Amino acid sequence: MTIYLPIAELPVAIFTIFAMGLAVGFISGMFGVGGGFLMTPLLIFTGVPPAVAVASVSPYMAASSFSGALSYLRKGMVDLTLSGVLLSGGLVGTTAGVALFAFLRRIGQVDLAIALSYTALLGAIGAMMLTESVRAIARTRRGGQPQVRRPGTHSWFMRLPLKMRFRRSRIYVSAIPVVVLGFVIGLLGAVLGVGGGFILVPALIYMLRVPTQTSVGTSLVLTLVTMTAATVLHAQANGTVDAVLALVLMIGGTVGAQFGARAGQTMRPEYLRLLLGLLVLSVAIRVAADLVRPPADAFIVAPVEGPP
Amino acid sequence: MSGPRSRAGRRLAAALLCVLAGAAASGAARAESVVLSISQGEVLITSSFAGADLAIFGVAEAKGAGTPPPDVVITVRGPTQTFLTWRKSQVIGLWMNTDSRAFLDVPGFLSVMSSRPAPTFAAPEVLRAEQIGLDRFLLVQRVGPDFADVVASDPFRTAFLRIQAAHALYQEDPGGVVLLAPNVFQAQLRLPGHAPIGRYEVHVKVLRDGRVTGEARTHFEVARSGFEQSIASFAHTNGILYGISVALGSLIVGFLANLLFRKE
């Protein structure tokens, strides 16, 4: 059974798309990440044009992060001040990202940019999580405490001027690295169709020493706002948001996320981080292989919108 | 599925009758007159659209008894689009798009069907002048400051044709036209689900002894219907408002999902 996507202008198998939403939703619920880094490549693989895939994942992420953020808000695990400062950088980053995406599309290097950033980002984050979680597992095996928040000296970037107190996160740091972090997340979100949760959560935990649960809650609020903004901006600048595609994805995704969250709660956090690290790293290797391997076809054809 | 099929069949029969009547009524013009009919004047895209089959019927005026059957070529071209064809090559170990050619205002869909392989019924000069066949179809490229078509063996041109053909957007079928009677022909056109939206021109050429003796044109439209059309025109005419509606819609879905699973 197929359904016609009015913006992508092609029919897709509705259950395939629904199952993808379900599977990615399961993973995102389990690990507390948005799952955009999996969803976008999967959609492109099904034949959806990359521009439509990136833009239509944004409303999907807005829906799933809103659902998650509400739960964390009720439990009081969202630092709204921290989200606000991150957002001030994030919104500028999203706007810049949508413009950058339009530019890359014009010069024909969108594929390369997406592949390179995926490899670099996912490779680095995946490797980092892998080593950290293996160390944590080794520590618990030896009978030690699996600690993530290590007391220690503050890094140079936390001692910059414009210091702010974030009560919920129990930190007192310069606003500059927080704004920059927000900007980078917003930029990546718009260009790669990823929420940035898989970057933001580790960054908040390891760099700013925010408690894990508060990191996830705060990251969800940030994803919610940047992805809502990205939806509107992509619709306006590129006209590539497919409402039908997004709807099928978000129905599958929100259901999958609930089951994923339940599965995730039964696992030890360090094993969870190890699994996520492996997953992120394997996506990076897959994308990198495509960059280095000679392509099956050296030519590609892309339609040009508007006057050339 | 039998309902629409049989309805289409009946419409075809009616169309065929009209064609025959038209052929009988046509006068003796200098060029051979050709009457043409198509099973659907409009292909509507609904949410379950996955492609369409159209039947093209035609009658060529017979030049008296004993005339051998003609050769028929049907060219169907969809709405024009400009395409960029990129060539990847290896730069410091990475495969990236390095060189491109723009194919300007070429058909987004192109199908060439004939009753026999083209080289068997006409000289190369005739085929080229009449643009019969994909290899002889004029595809204008921008080459630096100039606009020109290139030789058929140009790597960008062949790659463009190959990729469009792989997506069933460009088709060539040297046996696609069937002669039902010496002067009555029929062809089946297969439109893929991702065929571009817009006006399709159908151009028929009838050849005898290697020369074009008659031709006819008709057209049909491929259009989104109802819901698909509303969404697409909303997205194109008012992008910001469309984006805001989609964003609001996704927040509602998120809220409902949270509400639904809250207890558990």
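Naming convention: chains lettered A, B, ... in sequence-line order (proteins, then strands); numbering from 1 in each chain. Just so it is clear, the model here is predicted, and its values are computed rather than measured. Both backbone and side-chain heavy atoms feed into the values below; hydrogens, waters and symmetry mates do not.
Using a 4.5 Å cut-off between heavy atoms, B/R101 does not touch chain A at all. Contacts of B/I163 with chain A are made by side-chain atoms alone, with heavy-atom separations under 4.5 Å and no backbone atom involved. With a 4.5 angstrom heavy-atom cutoff, A/L5 does not touch chain B via any of its atoms. For B/P192, no part sits under 4.5 Å from any heavy atom of chain A, backbone or side chain. For B/Q164, the part sitting under 4.5 Å from any heavy atom of chain A is the side chain, from C-beta outward, and nothing else. Contact annotation for B/F103: neither backbone nor side-chain heavy atoms come within less than 4.5 Å of a heavy atom of chain A.
To the nearest 0.5 angstrom, B/L134 atom CG is 6.0 Å from B/L161 atom CG. Atoms CG and CG, on A/L70 and A/L224 in that order, are 8.5 Å from each other to the nearest 0.5 Å.
Your options are B/L256, B/V246, B/I240, and the one with the most heavy-atom pairs under 4.5 Å with chain A is B/I240. Ranked by heavy-atom pairs under 4.5 Å with chain A, the first of B/L251, B/L248, B/L241, B/V253 is B/L251. Chosen from A/T254, A/T228, A/T2, the residue pairing most often with chain B at heavy-atom distances under 4.5 Å is A/T2. Options B/A50, B/S89, B/A247, B/S47 differ in how many heavy-atom pairs under 4.5 Å they form with chain A, and the most are formed by B/S47. Between chain A and the options B/L84, B/T85, B/T46, the largest number of non-hydrogen pairs under 4.5 Å is found for B/L84. Top candidate by heavy-atom pairs under 4.5 Å with chain A, chosen from B/A257, B/G254, B/S100, is B/G254.
Judged as a side-chain hydrogen bond (donor to acceptor under 3.5 Å, both in side chains), and not counting sequence neighbours, the contacts of B/R224 are A/E9. Every residue was checked against the side-chain hydrogen bond (donor to acceptor under 3.5 Å, both in side chains) condition with B/D173, not counting sequence neighbours, and none meets it.
Ion pairing between a basic and an acidic side chain is recognised when a charged N comes within 4.0 Å of a carboxylate O; B/K88 and B/D99 show no such pairing. Using a cutoff of 4.0 Å between basic side-chain nitrogens and carboxylate oxygens, B/K205 and B/E130 are scored as salt-bridged.
The residue from A/S64, A/S67, A/P59 that alone fulfils the side-chain contact (heavy atoms from CB on, under 4.5 Å) condition with A/M250 is A/P59.
Counting heavy atoms from C-beta on, the side chains of B/I56 and B/F220 never come closer than 4.5 Å.
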